[in-house]
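See structure below.
The chain is numbered in sequence order, starting from 1. No experiment lies behind these values; they were computed from the predicted model shown.
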Amino acid sequence: MKKTGRTLLTVALTFVATTAIVLFALNFTAGEKKVQHQIPRLYTTAHPQYERAMGSLLGPGITSGNEVVELLNGDQIFPPMLAAIRAAQKSVTFETYIYWSGDIGKQFADALSERARAGVKVHVLLDWVGSSKMDESYFTEMKAAGVEVEKFHKPHWYNLARLNNRTHRKLLVTDGLVGFTGGVGIAPAWTGNAQDPDHWRDSHYQVKGPAVAQMQATFLDNWLKVTGKVMHGEAYFPAIAQSGTQKAQMFSSSPSSGSESMQLMYHLAITSSEHSLDLSVAYFVPDDLTRQLMLDALARGVRIRLITPGEHTDTETVKAASRATWGELLQAGAEIYEYEPTMYHCKVMIVDQLMVSVGSTNFDNRSFRLNDEANLNVYDAPFAQRQTVVFEDDLKRSRRVTHQDWLDRPMKEKLAERMASLLETQL
């Protein structure tokens, strides 16, 4: 009887261990089935059908009456974010990937805690991996003040298959009226004005108008997944008056609810482009289909310019995998630049100086198929032209890489790129 008991225990433990290994291994699959077919080119970005497709086929409806303002680097980004939190009267919803220790992290924890003590409903969703360097005292302080703080995909036996799915979204909404999104994390590297390698170059955006309700809904989507709580009512979704003249929509994607949608949005934009495509990309590892769409755009005369990190990068593996994909693009006429002063963390796409997509999404498989992402799409020529000025200012601080430069790179770099390319589905 004892032998039978030991045998059953051994079988049970073996089953549990095998199941855990299988679930963990699922993290290293690429997610949903990849989109294999190109999108037929039926119209350009200037055609009304383009916005109809973006707002009906792929994403939420495009709203009018918005005001989107660019904020460049920490000195411009953090003060209005903190001011909006401190001015909140009813609710604050905040979701971010990176939240680390440091002065700026303490300022956010203090501001969020103060509002919670004042009776404001404050909800904070932090990615479990991205907040691993956050001082536990911040978490304790916020909890004690009444802030509802949750971790996205904190490891449990029942979600081991989702450990590789992170929330990469950057969303802050106050009183359901003012929103912020972009590429910035809450960490010392994002403070300052990109003045040296310790202070990164990044862009964030303040939003007012009807699109803020879509930003709120995007936050509440993940809050529901984590907590099971449905939050609604005037504190979160008040009546929003028009604040400007821009048309905008909040676009999101998640492996649990359509991970291909973000990639399809990018693909439709590339396919519809007629004149120009400017990309500010922190991590650029396009798959074969995306590269082909870019090559097709180049062949029909679209000017493609791309700024990506240079010497200063937070991941040499991604940099190597990225450079491995440049050959055909450079040969076909794409202009690729490496930003020189510091780490370049921007995520901005400008199409034909008519449409701009900004937010958390990188140009890689991890953003397109593994992470939860959120981008604000703005359909407004003056706004696009302003972002082009910002882009071209970054160009002045960047070094162009020619096709010959790419061919002449050292053999050790080529070998590193070959090795890094093996990890493409995880980058």
Side-chain angles (χ1 to χ4, degrees), residues 44-55 58-73 76-77 80-81 84 170-173 177-184 201-215 218 240-252 262 265-266 268-270 272-282 302-307 344-361 363 373-396:
T44 68
T45 53
H47 195 284
Q49 191 60 43
Y50 176 70
E51 290 187 14
R52 293 189 196 114
M54 283 291 195
L58 298 183
I62 298 172
T63 66
S64 299
N66 299 287
E67 179 189 46
V68 183
V69 178
E70 66 275 12
L71 306 169
L72 309 180
N73 304 322
Q76 289 186 19
I77 295 168
M81 290 179 71
K170 287 90 174 176
L171 296 168
L172 170 65
V173 178
L177 296 172
V178 182
F180 296 85
T181 193
V184 75
R201 167 74 186 92
D202 211 340
S203 294
H204 223 62
Y205 301 83
Q206 179 178 284
V207 187
K208 295 180 181 178
V212 176
Q214 295 182 353
M215 299 174 70
T218 301
I240 303 179
Q242 294 195 351
S243 296
T245 60
Q246 299 164 349
K247 293 184 289 184
Q249 67 181 151
M250 192 64 194
F251 211 93
S252 64
M262 191 68 77
M265 184 272 287
Y266 274 76
L268 182 60
I270 296 169
S272 302
S273 62
E274 184 177 15
H275 303 294
S276 62
L277 185 68
D278 290 333
L279 296 167
S280 298
V281 281
V302 176
R303 182 192 65 188
I304 295 181
R305 300 184 295 182
L306 187 151
I307 304 177
Y344 194 72
H345 199 259
C346 302
K347 310 162 198 308
V348 184
M349 176 175 68
I350 310 168
V351 188
D352 290 337
Q353 293 195 16
L354 293 174
M355 176 260 200
V356 183
S357 187
V358 300
S360 66
T361 307
F363 221 93
E373 303 283 2
N375 266 39
L376 181 74
N377 294 342
V378 184
Y379 304 86
D380 183 76
F383 180 78
Q385 290 160 13
R386 288 208 317 269
Q387 306 324 302
T388 301
V389 171
V390 173
F391 180 88
E392 292 181 342
D393 191 51
D394 286 340
L395 277 184
K396 296 173 185 176

Side chains of Thr388 and Gln353 in contact at under 4.5 Å (non-hydrogen atoms): yes
Test log, rule side chain to side chain contact (heavy atoms under 4.5 Å, CB included), inputs Met215 and Leu172: CA-CA 8 Å; Met215 299 174 70; Leu172 170 65; over 6 Å; no
For the CD atom of Glu67 and the OH atom of Tyr205, what is their distance to the nearest 0.5 Å? 15.0 Å
When rounded to the nearest 0.5 angstrom, what is the spacing between CD1 in Ile350 and CZ in Phe383? 8.5 Å
For the residue pair Lys208 and Val212, what are the closest heavy atoms and their distance? CA-CG2, 3.9 Å
Looking at residues at least two apart in the chain, or sitting in another chain, which of them share a salt bridge (charged side-chain N to carboxylate O under 4.0 Å, His left out) with Arg386? Glu70
Taking side chain as C-beta onward, heavy atoms only, is Lys347 less than 4.5 Å from Glu373? no
Might you work through the side chain to side chain contact (heavy atoms under 4.5 Å, CB included) test for Gln246 and Val68, ending with a clear yes or no? CA-CA 7 Å; Gln246 299 164 349; Val68 183; 3.2 Å; yes
Check: Asn377 main-chain N/O paired with Ser357 side-chain donor or acceptor under 3.5 Å: no
Side chain Asn375, main chain Thr361, donor-acceptor under 3.5 Å: yes
Identify the two heavy atoms, one from Gln214 and one from Gln249, that lie closest to each other, and give their separation to 0.1 Å. OE1-CA, 3.2 Å
Contact summary for Ala374 and Thr218, nearest pair of heavy atoms: CB-CG2, 4.1 Å
Whether the side chain of Thr181 engages the backbone of Lys170 through a donor-acceptor N/O pair (distance < 3.5 Å, no angle test) should be reported. yes
From CD1 (Ile77) to NE2 (His204), nearest 0.5 Å: 6.5 Å
Expected output: side-chain Asp202 to main-chain Asn73 donor-acceptor under 3.5 Å: no
Rounded to the nearest 0.5 Å, how far does CG of Asn66 lie from CD of Gln242? 8.0 Å
Identify the two heavy atoms, one from Gly65 and one from Pro210, that lie closest to each other, and give their separation to 0.1 Å. O-CD, 3.5 Å
Partner set under salt bridge (charged side-chain N to carboxylate O under 4.0 Å, His left out) for Lys247, not counting sequence neighbours: Glu51
Determine whether the side chains of Asp352 and Tyr50 contain a donor N or O and an acceptor N or O closer than 3.5 Å. no
Check whether any side-chain heavy atom of Val348 lies under 4.5 Å from a side-chain heavy atom of Phe391, and answer yes or no. no
Under the side chain to side chain contact (heavy atoms under 4.5 Å, CB included) rule, what do Ser203 and Leu72 come out as? Steps first, then yes or no, please. CA-CA 5 Å; Ser203 294; Leu72 309 180; 3.5 Å; yes
Met54 and Leu268: side chain to side chain contact (heavy atoms under 4.5 Å, CB included), yes or no, with the steps? CA-CA 8 Å; Met54 283 291 195; Leu268 182 60; 4.2 Å; yes
Smallest heavy-atom separation, Met250 atom then Pro60 atom, equals O-CG, 3.1 Å
Nearest 0.5 Å, please: how far is OG1 in Thr63 from OH in Tyr379? 10.0 Å
Beyond-backbone contact of Phe180 with Leu71, side-chain heavy atoms, under 4.5 angstrom: yes
Interatomic distance, Ile307 atom CD1 to Leu395 atom CG [nearest 0.5 angstrom]: 4.0 Å
Closest approach of Val302 and Leu277, non-hydrogen atoms and distance? CG1-N, 4.0 Å
